[in-house]
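Below you'll find the structure, written out as structure tokens, and then a few comments.
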Amino acid sequence: MSSQSDATSLSLLQRARSNDQDAWDQIVHLYGPLVQRWCKRVGMREDDIADVFQESFHAVSNHLDGFKPAKAVGSFRSWLRTIVRTKIADHFRKVNEQPVGRGGSTDQMRLANVADPLADDCAEDESEENALVVQRAMELIESEFSAKNWQAFKLVALEGYSAVEIAQQLNVQPQAVRQANYRIRRRLRAVLQDLMEPTDSDFE
Amino acid sequence: MARYVSGNLAEMEADRLVRHLDSCNDCQRQIDDMSRRADSLVAAIRRPVAPARDSQELARLIAKAKGARSEENTPALTSDNKVEPVALDQFVACLSKSGLSNADEIAECVRELAPTSSIEFANQLLAVGKLTLLQARALLRGRWRQLVLGNYAVLEMLGQGGMSRVYRARHLQTKREVCIKLLHPKGPRTSEHKERFAREVRTIASLEHPNIVVAHDSGQSESIPYLVMELLDGSDLAKLVAAKGPLPPDSAIRYVLQAAKALEYAHSRGVIHRDIKPHNLFLDDTGKIKVLDLGLARFDSVLQPSNEPGFSTMTKTGMVVGTVDYIAPEQAVDARDADYRSDIYSLGCTLHYLLVGRTVFSGETLMARLVAHREEPIPNLAALRPGISPEIKSVFERMVAKCPTNRYQSMTELVADLELLLAGDSPAFDWEPPVQEIYELEAVADAETHADLNALTLAAIPAPAHRPAHRPVRPASKRQEFRVPKPVLYWSCVGAGALACVVLLFVAVTSFFPEIAGTVGLSNSPRAVIVVASDGFRVSHYQAVTKALNDRAIPFVTASTRSGDAKADDGTRIKVDLTIDDYTPRSSDGVIVCGGSVHELKNTDLVDRSLKGGATVLGVGSEGFAPLYSQYHLAFKESGVEWDKKLPGGEMIQAGNGYITKACDEGGVPTMVDHVFGELVSK
């Protein structure tokens, strides 16, 4: 039974590149919080964040055709970070050039202090960012599954209950719990292709 | 197994593994063990994420960025060889006439941008976001009409159907973005069509349900009607399934249930959708289903009156071929035979598509698929999609039974069973699928309605071996005069456009009074319901009314407080067709209350119910009628609403979902009947 067609085996990026608006929307939904977070980390104001945010996604959209994801996990995220970093730098440069800058000197100082505000993440940052994107992915797909399946999945994945325990609690067959877990994780991985290893070797 | 737990296993292998798990406790234990441990995905899920404090701001940013892609894709305009763009001054003139910008703004743009050609100017305006591609293209062709509809600037086309086009638009002042449906400029544009579209617009505007798309406004532009609706983010179910494949059964049922609830409500308001299909069920971003095209669909797919030869369900009325895949057998024969149960059938076909990813019947040609609805056995859902419970299969089969009488008889019944399915309970079926059910035309209420089948339909669907010999109440010549009623014209002056309007024509209600369907002629035509007291009604009123109705060949039934006979003030007895309590008002009804012993009727909620149901209530003889409607009159007085005094011989006003008249005397009956039933009956 195929509950996901070829569409999901193509990555979101491929689909967005072929002008699939849904895929683009999903990309923005998934990575928007990350972009916002990066902007905040360098201490930008809300108005400026809004500009950089839009400019960044404009740039992603413009250069999507040229972006060739490397085999490495997270290559899209790295690319996105590069773009955002550039846009942030552009922004501060513009502020600098303005004779009477909006907020002038503090912004200049910020730029000086944060030479590369988004230098490569440490591992801790990266896993936190992953969690952020995974959470967005869960929001994205939740409506595709029944409440019961979703609950079963969360009890397995979040709480670590066993299929048999959950089955009793939800009054379903244990296999239904396993299947819910499988389907939802599979779907999540499809959405999160960029962040997840293609095959998970944790148990092997 | 590890790949199954982590969600990495391909579906087919997973199916194999699941079969193995059925019989292997050891593997079950191993899998359960693994799934509790965290892989990289689960680790990310378990990691707490600080809730965003400014989620609204983020949502705003994201919504805007989503639009970036479509804007980025906007190609620069170039002069194409087919159409020579207009000159710059003409382009500016068109822009000014369009109402998209005011003269000052345009002058300023010209000054600042200093364009040398219309194309250059258009590209400049595109770049600064002053124009959209649609607007720029139209203006370059010298077209400026309908770039602004009412208070809305048309931004881009979202799609088009057979009869209409759908646009994204923005309110000029409030900047709210909406969706506008405009009658297809190339579609039929007789005054009848427009009038019917306008009436349907009012119908949808009167429907208010969480699962029905919200209508904000409506209007006419260049005498072409349009409908303003909420702009939804999401995807219709046809697109969703096309992109993601068949839905999980639970989701499919949930979506169908929401649609069924919407239709249950619409049906209670006398509105039949007639074009239910996955494309018309929209899943918004919050997981809510919105039924689209409600009311308009009736217009889109309805058979034209018989005096317009050549129109059929499938051809010029613009019904798209795709719809054929979801059409009920009786509706395929004659759209006017569609009733509430036809929507149930179409929803069943939709459920099939959601679960299986393709339509119930496939056939090379449109005809083959049409015939299949009538003749092919219902496919075995469980065989097409593993994991379909026998309960789902039963519900599906009952939805798509060939003969309406074998289906669920109402959306309410269906809603109840779908809710049981979702709760995981078995619906208490007292229903067995009929063995080799064969669809018979006779099963549909009135074979006379098929008299004007066009050649195309006849060719597609062989006529039944015999037809019931129903006597047409309406002489054939009268049928030719079947027209759109005129009262709408008067009434639109009375009521605000957005309020419900009496829909006199083409409300298909085949199921409506099964006991009389055979005798009142066109079951979906306007109908009069004469209401009399069971003892002591004025015979002169009754005679004036029946004469007026008979003269106009309007079918009628007589209702009273009791069944059996009703006695007039002179002792005459007449047969009562139904009791007032059994009467379910429809918007196609004219309810005519005769005077005499009306106190008997006071204890019924006849007037309330009729108006709620969208019917028009006409009283004959003020001494009897007044007490029944005085509350309405008082309410009108208080709210300062004026009676419509333009009607010669009577006055009418909007009340509830319908209309109510002031009482008329016997002499005024013919005039008021004409008002109530409109042009339909005028010579």
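Per chain, numbering begins at 1; letters A, B, ... match sequence-line order.
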Donor-acceptor contacts under 3.5 Å from residues 25-32 of chain B side chains, at least two apart:
| residue | atom | partner | partner atom | Å |
| --- | --- | --- | --- | --- |
| Gln28(B) | NE2 | Leu21(B) | O | 2.8 |
| Asp32(B) | OD1 | Arg178(A) | NE | 2.7 |
| Asp32(B) | OD2 | Arg178(A) | NH2 | 3.1 |

On a heavy-atom basis, the closest approach of Val42(B) and Ala157(A) is CG1-O, 3.2 Å
Ionic contact status for Glu159(A) with Arg46(B), cut-off 4.0 Å:
no
Heavy atoms from other residues, nucleotides or ligands near OH of Tyr161(A) exceed 12 (cutoff 6.0 Å)
no
If you take all heavy atoms of Ser143(A) and Ser251(B), which pair is closest and at what distance?
O-OG, 4.3 Å
Considering all heavy atoms of both residues, which atom of Trp24(A) and which atom of Ala65(B) are nearest to each other, and what is their separation?
NE1-O, 3.1 Å
Would you mind checking which part of Glu142(A) comes under 4.5 Å of any heavy atom in chain B, side chain (CB onward), backbone (N, CA, C, O), both or neither?
neither
Give, as side chain, backbone, both or neither, the part of Ala147(A) having an atom under 4.5 angstrom from any heavy atom of chain B.
backbone
Within a reach of under 6.0 Å around CD of Gln173(A), are more than 12 heavy atoms found that belong to other residues, nucleotides or ligands?
no
Indicate yes or no: at least one non-hydrogen side-chain atom of Ser146(A) is less than 4.5 angstrom from one of Leu422(B).
no
Need one label for Phe53(A): side chain, backbone, both or neither, based on atoms under 4.5 Å from any heavy atom in chain B.
side chain
For Phe145(A), is there any backbone N or O sitting under 3.5 Å from a side-chain donor or acceptor partner on Arg254(B)?
yes
With salt bridge (Lys or Arg N to Asp or Glu O under 4.0 Å) as the test, would you mind laying out the steps for Glu46(A) and Arg60(B) before giving the verdict?
CA-CA 12 Å; Glu46(A) 206 169 81; Arg60(B) 215 176 51 76; 5.8 Å; no
Does the pair Val5(B) and Arg185(A) meet the rule for a side chain to side chain contact (heavy atoms under 4.5 Å, CB included), with working shown?
CA-CA 8 Å; Val5(B) 170; Arg185(A) 286 202 204 178; 3.8 Å; yes
With a 4.5 Å limit on heavy-atom distance, are the side chains of Leu192(A) and Leu41(B) in contact?
yes
Where does Val164(A) contact chain B at under 4.5 Å (heavy atoms): side chain, backbone, both or neither?
both
Counting neighbours of NZ on Lys130(B) that are heavy atoms of other residues, nucleotides or ligands and sit closer than 6.0 Å, is the number greater than 12?
no
With respect to chain B, which residue among Ala50(A), Ala131(A), Pro33(A) yields the maximal number of heavy-atom pairs within a distance under 4.5 Å?
Ala131(A)
Non-hydrogen side-chain atoms of Arg186(A) and Leu9(B) separated by less than 4.5 Å:
no
Between Leu283(B), Ile253(B), Asp250(B), Asp285(B), which residue shows the highest count of heavy-atom pairs closer than 4.5 Å to chain A?
Asp250(B)
Flag if over 12 foreign heavy atoms under 6.0 Å of CG, Asn171(A):
no
Show, in sequence, the C-alpha distance, side-chain angles and deciding distance for Gln179(A) and Tyr4(B), and conclude whether the side-chain hydrogen bond (donor to acceptor under 3.5 Å, both in side chains) test is met.
CA-CA 9 Å; Gln179(A) 193 67 5; Tyr4(B) 176 72; 2.6 Å; yes
Can you find a pair of side-chain heavy atoms, one from Arg189(A) and one from Ser6(B), that are under 4.5 Å apart?
yes
Does the side chain of Gln135(A) come within less than 4.5 Å of Arg47(B)'s, by heavy atoms?
no
Do the side chains of Ile49(A) and Leu61(B) get nearer than 4.5 Å, heavy atoms only?
yes
Do Leu188(A) and Ile45(B) make a side-chain contact, defined as non-hydrogen atoms from C-beta onward lying under 4.5 Å apart?
yes
